[in-house]
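Worksheet for the structure shown next.
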2 protein chains.
Amino acid sequence: MNLSERKKKILRAVVDRYVETAEPVGSKGIASMLSVSSATVRNEMAELENLGLLEQPHTSAGRVPTSLGYRIYVNELMEQQRLSFEDTELINKALRSRVQQLDKIISEAGRVTSLLTNYPAYALAVSTQSVTITRFDLIHVDKHTFVIVAILSNDSVKNKLVHLHFEVEADMLTKLAATFNARFTGIPEEEITPILIQSTERAVGDTTGLVSIVAGFAIEILLETKSRETFLTGTSHLLEHPEFQDIGKARKVLKYLSNDDELLKLPTPELAGNAKITIGPENLAEELKDSSVVVAKYNAGDNLQGIIGVVGPTRMDYEKVAARLSYIAQGLSWLLSGGFTLMGIDDKDE
Amino acid sequence: MNLSERKKKILRAVVDRYVETAEPVGSKGIASMLSVSSATVRNEMAELENLGLLEQPHTSAGRVPTSLGYRIYVNELMEQQRLSFEDTELINKALRSRVQQLDKIISEAGRVTSLLTNYPAYALAVSTQSVTITRFDLIHVDKHTFVIVAILSNDSVKNKLVHLHFEVEADMLTKLAATFNARFTGIPEEEITPILIQSTERAVGDTTGLVSIVAGFAIEILLETKSRETFLTGTSHLLEHPEFQDIGKARKVLKYLSNDDELLKLPTPELAGNAKITIGPENLAEELKDSSVVVAKYNAGDNLQGIIGVVGPTRMDYEKVAARLSYIAQGLSWLLSGGFTLMGIDDKDE
DNA sequence: TTTAGCACTCTTGACCTTCGAGTGCTAAAC
DNA sequence: GTTTAGCACTCGAAGGTCAAGAGTGCTAAA
């Protein structure tokens, strides 16, 4: 869109002021900022309204940006904001927490996102590639107990402690592990069929159900890694914003966000680190037609990537939110894919 | 409290009706149920009001139960409700889901609780006893890779895949595991000191940092099991109830619930399975003085117990909520402490 | 092209009125 | 002594009116 410099300034001023005050902005306030008269501003505003960038809630009110107006603002007027030192420190600290479990880190990232933006935040982890088991180990603990350890193709490791009501020898477990390594590695969940299980039972001469136990575990963890994890935090922030004083609206959005399946359908940016902004009616979901979504992608190793995002009214400080989100996503990418640390060693900085 | 039969009937009727309609109940409606005149009911109601069990929002309105009124209702008038077949089936199905990870089961229990009660639900898992590691195994995967497996005193198993930038022999890992089993088992996190780590390094002649890696992992998981897990679901349900049409109230409660630390302070029932009800001002938290909390405890083995609960307005169908919550808590206890199943075998009923 | 001036529009909040549900009280009935 | 019919009374909810004020569009002058 080709706007004169003055129109750009006015649009920018309207957006900034409306974001701050949540009230329609009149020509007078803007006029003083540009040192022109209010009448001039009114004329310009009328043209911006014709272009579909501004609108009036009613004839005798000030102007409010339309979603198209926000779009222009985001595409052409917005600048890359630098984060304050306090903000980056807060983010770094949250991400550098001691517990290094994947889902803890991700949910923590969601928490800090919500904290820094004052909007509800969600965080997703999505595996992009089908996972298989690359190795089985069976550890004999005592006569009635052993541990199944499975190493997955995405380098995560899963385990389960099994109590038996019959006895089992370490030798038997070693043999069984070898068989599983021969027959059950490198195959997806769908190929672990009852037929395979039965033929394996015959092969090792198992009548106790041991094979079923281990195979069942294999199925379970493969299914589990397929499933996506979602975290939602800071929902109460939604109610702080005047556009959600209408309980009905707030409820609609909150309900939508509580549904994990819907969260997975939300927009996804192509590039990691860069924030993607979806404004009002640009959202596919009916429930979000009045809301905006800002998301950023992070990479967590070859097999996993994820999204963090916030949801709020279209009247949102896109500059600030996008900057924070990008930073957090970049931090996550770094932490999860490259920045391996020797645990317990480099955290003397607490 | 010693009430005449008729007063009990009237109190019960007022509570039931108010729970249903959310509007102050007048003498007329009650009168028809007891086949007396409205004037009689009015007299009785006036006495109930003197006793502090009912109150009027304003002079010319019907009556509403006070928190004391609800308390009497819960203590003396409420009956044990049986769940419908549909409800029990729904609960069973949710708890019997395929993925058997502990936190998944617990969060799922929260989800179904919220679904069945139409209130926000929370679920906590609290370990009651200090956990130690009972056994280490180090599995050699390839020259640069191995897996640490630690079995804990509460029968859970933790692991981590470690990539090294130097090479390591299987023999070394075997030796290291033996050392850790000798020195690091049965001790709490506080006793894994830098001094212990250094002396262990000298004992096995480790200059590569391997000992630090394994010890760091031990510290991490011991810290992690100490931390409590909380899950909150169904927050949007709160907004469905007329007492939370006031955004300010809703926000206060939602914000309170979003704080994990606060959730841990909520009331705890003594007996597993039995629901405990805390009404309005009985709650210690200022934020919940207008709300009620119903909680039930479940046991999950010797070392772990937890709470599931719902939060809603004092105008709550305590009978229904308490029954559902007890059932879910009992189901969880059974599932997590006793009812071991051979995974992947007994779920043909899907 | 910009600006001062002015009539016009529309929301907001204050204030009033009406309506009706429900009450408390009194006196009569059982 | 208890119950009930009757009636005056109270108070909130809903709707209507009105004045104030913010902001606009338009016109005509600078």
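Small disclaimer: the values here were computed from a predicted structure and weren't measured. A, B, ... follow the sequence lines: proteins, then strands. Residue 1 opens every chain.
- Looking at A:Leu266 and A:Tyr122, their side chains come closer than 4.5 Å, going by heavy atoms from C-beta outward.
- The backbone N or O of B:Leu53 sits less than 3.5 Å from a side-chain atom of B:Thr66, completing a donor-acceptor pair.
- Of the possible polar contacts, one joining the B:Thr113 side chain to the B:Ala109 backbone as a donor-acceptor pair under 3.5 Å is found.
- With salt bridges taken as basic N to acidic carboxylate O contacts below 4.0 Å, one links B:Asp16 and B:Arg12.
- Residue A:Arg315 qualifies as enclosed at atom CZ: its count of foreign heavy atoms under 6.0 Å is above 12.
- How far CD of A:Glu287 is from CD of A:Glu262: 6.5 Å, rounded to the nearest 0.5 Å.
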Could you run down nucleotides 2-8 of chain C 5' to 3' and tag each one B, S or - for protein heavy-atom contact under 4.0 Å? SBSB---
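- Spacing between atom CG of A:Leu54 and atom P of D:dG25 amounts to 11 Å, rounded to whole angstrom units.
- Under the rule for a side-chain contact (heavy atoms from CB on, under 4.5 Å), the partners of B:Ser258 that lie at least two apart in sequence or sit in another chain are A:Ser236.
- The environment of NZ in A:Lys8 is crowded: more than 12 heavy-atom neighbours from other residues, nucleotides or ligands sit within 6.0 Å.
- Between the side chains of B:Asp260 and B:Thr230, at least one donor-acceptor pair of N or O atoms lies under 3.5 Å.
- For the atom pair B:Ile277 CD1 and B:Met316 CE, the distance stands at 8.5 Å (nearest 0.5 Å).
- Against DNA chain C, the stretch residues 16-24 of chain A makes no heavy-atom approach under 4.0 Å.
- B:Tyr70 is linked by a ring pair (Phe, Tyr, Trp, His ring centres under 6.0 Å) to B:Tyr318, counting only residues two or more places apart in sequence or in another chain.
- Where the helix from C:dT1-D:dA30 to C:dC30-D:dG1 starts and where it ends, the local axes point in directions that differ by 20°; five pairs per end, rounded to 10°.
- B:Glu44 places its CD atom 14 Å from the P atom of C:dT23, with the value rounded to the nearest Å.
- Using a 4.0 Å cut-off on heavy atoms, the residues of residues 55-68 of chain A that approach DNA chain D are A:Gln56, A:Thr59, A:Ser60, A:Ala61, A:Gly62, A:Arg63, listed by number.
- Once rounded to the nearest 0.5 Å, the distance linking CG of B:Leu239 with CD1 of B:Ile247 reads 6.5 Å.
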